[in-house]
Amino acid sequence: MAATRISDLLAGKIPTGADVTVQGWVRSRRDSKAGLSFVQVHDGSCFAPIQVVAPAALPNYGDEVQRLTTGCAVTVRGELVASQGQGQSVEIRAAAIEVAGWVDEPETYPMQPKRHTFEFLRENAHLRARTNTFGAVTRVRNCLAQATHRFFHGRGFYWIHTPIITASDAEGAGELFRVSTLDLANLPRTPDGKIDYAQDFFGRESFLTVSGQLSVETYCCALSKVYTFGPTFRAENSNTSRHLSEFWMIEPELAFADLAADADLAEDFLRYIFQAVLDEHPDDMAFFDEHVQPGVAARLAAFVEKSFDRLTYTEAVAVLEKAQASFEYPVSWGMDLQSEHERYLTEVHCRRPVVVTDYPKDIKAFYMRLNDDGRTVAAMDVLAPGIGEIVGGSQREERLDVLDARLKAMNLDPAPYWWYRDLRRYGTVPHAGFGLGFERAVMYATGVANIRDVIPFPRAPKSADF
RNA sequence: UCCUCGGUAGCUCAAUGGUAGAGCAUGCGGCUGUUAACCGCAGGGUUGUAGGUUCGAGCCCUACCCGGGGAGCCA
């Protein structure tokens, strides 16, 4: 008999009285001298485990069932019945329990049926998926990823697989990881003593990508609506709860679009994917609300309920200058907004997500479109209560002469951007896009405070275990 | 990278410079349609590493390693 998913049993999709098989891992076992044991089995299909009632009449009851400990893998066959106890609607009256895998040395098995610290679980990343918390994070992360593709597919966007290995330090967005097959102990040299990258694998210096944006713009200027969703790498030595060396980024790009259309897209997108979590994972959200961050479910519901506010950077600075709040960093036009300022705007002033637009050109990247005032660019950040910046985007500079002037003003060599400049020479078009750090979205939805706990195997400075 | 706090049993944490303990987990026994079960007993330790001060260091000093939180940078 094929195994049934525990989620289907608990959702009432199988009638009581049916013979069922479940396969999963033991979360806990409680014995009763009434002649039975209760075994909680989970298979990852949903938050709750199913209760298996194992009667002492089972042939392997004394030898095996009563030796089951947390983590053992089992196949259970039996009848689905209405539960006599509190706490679950249905349970399985076991006719057979087959142990697929025992836990060696149960006394030292790290995953106990109790609360563990995130730090401890991080050091046991190969086993932490078995916990309530990481099972729930995994399901919500998957939901957000699936919802992302569903959202863009439904709106006619194409998913573009931009390269992981790149030869151009495209936007100077951060420190790069070098990709090389050269022998580090015996580097080839040019006559003037420099490393001879012509002998490297690609015949030139190459790196892991820090962003797919510039690449995806080329497809935007042909297929109109595109997005990337893939791994991204930053070699910054930043050791915080919000940064990873390897993370996933979502970057849509929209042709014949201005900044307002970009902001609308970001708003629709965020509300869509978070609504999907609320719709599809109420049990996981209830767990986060109770055990990870009180109020997170209500915060997410409020996020999708209200439309976003809109402020220009200049308006935002005026609000902050008048604010009855003491900031560590004083506010003045021309400075970048600090996280304390972003949180004031979204949590105190607007009390809802807010899109801040039109930042000073000197604090933004070269590719952002220069506004008519000559001193701001068509950039936008989406700020959310409880987290601050969650999305950053811009309308791209589509005018070649303006783009070249910006490159020059920022002391950037235009040569490596020859293909990016070509887009402005051949059928250029106003276009816009944004970037979303996927793990930041998972953190926001789940309330998990450390970014290393929303990705299976986090990579960070001095940390690449597993 | 900077600031700050920490590292003691499998886990979570105690311990005036003076005999290293508790809860949970594990094992055994008791009790029970149980559900973070409960009650009793037992095993379990090179106190992150290397030095130093002291009659005596988990505790004080120095260096290093690792981790948490915050900052900067960003996504």
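Residue numbers start from 1 in every chain, and the chains themselves are labelled A, B, ... in the order their sequence lines are given, proteins ahead of strands.
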- Message: Between B:U34 and A:Gln40, counting only base atoms on the nucleotide and side-chain atoms on the residue, is there a donor-acceptor pair under 3.5 Å?
- Response: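 For A:Gln40, whose side chain was compared with the base of B:U34, there is no donor-acceptor pair (under 3.5 Å).
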
Considering every strand and a 4.0 Å limit on heavy-atom distances, what is the contact class for [X]: base, sugar-phosphate, or nothing?
| X | result |
| --- | --- |
| A:Glu91 | base |
| A:Gln84 | base |
| A:Gly392 | nothing |
| A:Phe38 | base |
| A:Arg242 | base |
| A:Arg67 | nothing |
| A:Ser241 | sugar-phosphate |
| A:Asn239 | base |
| A:Glu439 | nothing |
| A:Tyr329 | sugar-phosphate |
| A:Thr232 | nothing |

- Message: To the nearest 0.5 Å, what is the distance between CH2 on A:Trp159 and CZ on A:Phe229?
- Response: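 A:Trp159 atom CH2 to A:Phe229 atom CZ measures 8.0 Å (nearest 0.5 Å).
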
- Item | Which nucleotide in B:C11, B:U35, B:G72 has an atom nearest any side-chain atom of A:His116 |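 Side chain of A:His116 sits closest to B:C11.
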
- Query: How are the rings of A:Phe134 and A:Phe118 set to each other: parallel, tilted or perpendicular (split at 30° and 60°)?
  - Reply: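 Plane angle over 60°, so perpendicular.
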
- Query: Relative to each other, are the rings of A:Tyr420 and A:Phe366 parallel, tilted or perpendicular (30° and 60° limits)?
  - Reply: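 It falls in the perpendicular class, over 60°.
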
Measure from [atom1] on [X] to [atom2] on [N] and round the result to the nearest Å.
| X | N | atom1 | atom2 | answer |
| --- | --- | --- | --- | --- |
| A:Arg130 | B:C11 | CZ | P | 17 Å |
| A:Arg452 | B:C66 | CZ | C1' | 12 Å |
| A:Arg29 | B:A36 | CZ | P | 16 Å |

- Message: I want to check one thing: is the phosphate of B:A36, taken as OP1 and OP2, less than 4.0 Å away from some side-chain N or O of A:Asn132?
- Response: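 Negative; the distance criterion is not met.
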
